[in-house]
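Just so you know, ligand 1 is whichever comes first in the structure, and atom 1 is the first atom listed for that ligand. If you read the sequence from its start, that first residue is 1, and numbering goes on from there.
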Amino acid sequence: MPLHVHPDIAKLVPYSPGKPLDELERELGIRGAVKLASNENPLGPSPKAIAALGESTETLHLYPDGGAHHLTHALADRLKVSLNQIAVGNGSDEIISLLVKAFVAPGDEAVIADHTFVMYKLAVTGGHGIIKEVPLKNWCHDLPAMAKAITDRTRLVFICNPNNPTGTIVTKDELAAFMANVPDHVIVVFDEAYYEYVRHPQFPDTLQYVRDNRQVAVLRTFSKIYGLAGLRIGYGVTTPEIVDYLHRVRNPFNTNALAQKAAMAALRDEEHVATSRILNESEMEILEGELRDLRLSPIPSQANFLYFDTHRDGHDIFNRLLKEGVIVRHIRGSMIRVTIGQPDENVRFVRALKKVLEESAASN
Ligand SMILES: *Cc1c(COP(=O)(O)O)cnc(C)c1O
């Protein structure tokens, strides 16, 4: 019997997570490889989140709280929105999928940048929607062009802010101009996975659009600065109406009990967040300088990674770095994305990069 698969599904390319650290170490027969590929917090989770996990194990025979009641309360308090404006998900990835499931019917459209987080395309195409890609302009979202790409069939516009992989932002004024023209049948999704790292004074306060009851959804996560990527927990802040629809399409127990507990403890540990932000800022400055000295033109970043131009075959540089025990991310062409790590990890990366750039020059 041949399998019946929808052509939209057949054409999907699975998300490629990259090689796990222990796998690479086994292959190379080395210890102490470094992974700067997935924008995780190099300091790890808050010790308070780890302690909360220990206290939660005795009740693991019970189903989790399907409504993530306590976490929703804590978030509503923190963000100054109502309880019914928050949806908690199995990572903010799940909120992206739920938005698509709830609002994108076959043939409906979503507008995204042509160089952004890959999940939007995966979710929309998998949901039989149509992706309209708008080229970045100077590595930034081109909001006027994205506004022009909106049609009667557009259901979602994804604005990744700061953008992954470029680290660039959309400013308050650019966004205000865009929001003044966006029609009511469109939900504007702000993916703010790196929100806590942003230092730019012109970064927009998108939660104000939520409080003003605009048709928007703000996505945030515990995977990045909070250091809980392995637990899978994130959330969306949006209108009560949209939250209601998201609840209809989610699994009843979409987030696990340990993740909920750890997220609450992590949210309270503001010191860990501050320490993580300060480390990122100072290490980013050093790494940016190193990359500039190597004439690799890093794009100024508001997140916890740098995107730079190797001016060579990026895939080749990526592979050569792997052999040096350094995992980064090759996205396309000559560009590579590197996560800001701990000081010793960044030093390792720069040393390996200098070596492979010389090797690649010699082999040409
Ligand atoms: C890492 C990341 C996420 C977070 O995904 P989770 O599912 O919460 O782990 C979301 N959006 C972007 C742009 C990211 O880079």
Side-chain angles (χ1 to χ4, degrees), residues 14-18 35-42 44-45 49 68 71 75 86-101 110 112-124 126 131 133 136 139-141 156-170 188-198 203 206 216-238 246 250-251 254-256 258-260 262-263 266-267 273 276 280 299 301-307 328-329 331 335-340:
Y15 177 82
S16 135
K35 183 171 181 247
L36 301 171
S38 302
N39 304 338
E40 294 129 333
N41 184 341
L71 178 57
L75 288 168
I86 294 174
V88 178
N90 197 253
S92 52
D93 279 353
E94 191 196 15
I95 307 290
I96 296 169
S97 302
L98 296 178
L99 283 164
V100 170
K101 205 168 166 187
I112 68 173
D114 71 337
H115 205 144
T116 189
F117 191 45
V118 69
M119 276 304 298
Y120 315 137
K121 197 179 203 167
L122 269 180
V124 171
I131 280 286
E133 286 182 319
L136 294 180
W139 300 112
C140 298
H141 279 73
L156 302 172
V157 175
F158 287 97
I159 300 176
C160 189
N161 204 27
N163 188 37
N164 178 4
T166 59
T168 52
I169 65 157
V170 153
V188 182
V189 184
F190 304 111
D191 185 344
E192 298 184 349
Y194 303 96
Y195 173 80
E196 297 83 359
Y197 287 108
V198 173
F203 193 76
T206 50
V216 303
V218 179
L219 311 189
R220 302 222 181 129
T221 182
F222 287 95
S223 298
K224 302 290 155 63
I225 209 166
Y226 291 102
L228 297 175
L231 279 176
R232 313 304 304 126
I233 191 147
Y235 56 97
V237 192
T238 181
L246 297 183
R250 72 172 172 87
N251 288 324
N254 60 332
T255 64
N256 71 78
L258 295 180
Q260 291 178 22
L267 194 62
V273 172
S276 304
N280 184 67
I299 301 169
S301 169
Q302 290 292 316
N304 66 341
F305 52 82
L306 281 165
Y307 199 45
V328 294
R329 191 98 185 163
I331 312 260
M335 303 299 290
I336 280 188
R337 191 191 70 197
V338 60
T339 305
I340 311 301

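Under a 4.0 angstrom heavy-atom cut-off, Asp191 registers as being in contact with ligand 1. Gly234 does not count as a contact of ligand 1, since none of its heavy atoms falls under 4.0 Å from the ligand. Contact analysis puts Tyr194 in contact with ligand 1, with a non-hydrogen atom separation below 4.0 angstrom. Judged by the shortest distance from any of its heavy atoms, Cys160 lies inside the 4.0 Å radius around the atoms of ligand 1.
For the salt bridge (charged side-chain N to carboxylate O under 4.0 Å, His left out) test, residues two or more places apart in sequence or in another chain that qualify with Glu40 are Lys35. Under the salt bridge (charged side-chain N to carboxylate O under 4.0 Å, His left out) criterion, Arg337 pairs with no residue, sequence neighbours left out.
Checking Thr168 against Gln302 by side-chain atom types alone, no donor-acceptor pair falls below 3.5 Å.
Scanning the protein heavy atoms around atom 14 (C) of ligand 1, the nearest turns out to be Lys224 NZ, 3.1 Å. Closest to atom 4 (C) of ligand 1, if we only count protein heavy atoms, is Ser92 OG, 3.3 Å.
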* Do Asn90 and Thr255 pass the side chain to side chain donor-acceptor pair (under 3.5 Å) test, and can you show the C-alpha distance, the side-chain angles, and the key distance before you say yes or no? -> CA-CA 5 Å; Asn90 197 253; Thr255 64; over 6 Å; no
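Of all the heavy atoms of Asp93, the ones lying under 4.0 Å from any atom of ligand 1 are found in both the backbone and the side chain.
Taking a cut-off of under 4.0 Å to the non-hydrogen atoms of Arg232, the atoms of ligand 1 that pass are 6 (P), 7 (O), 9 (O).
Atom OH of Tyr195 has 12 or fewer neighbouring heavy atoms from other residues, nucleotides or ligands inside a 6.0 Å radius.
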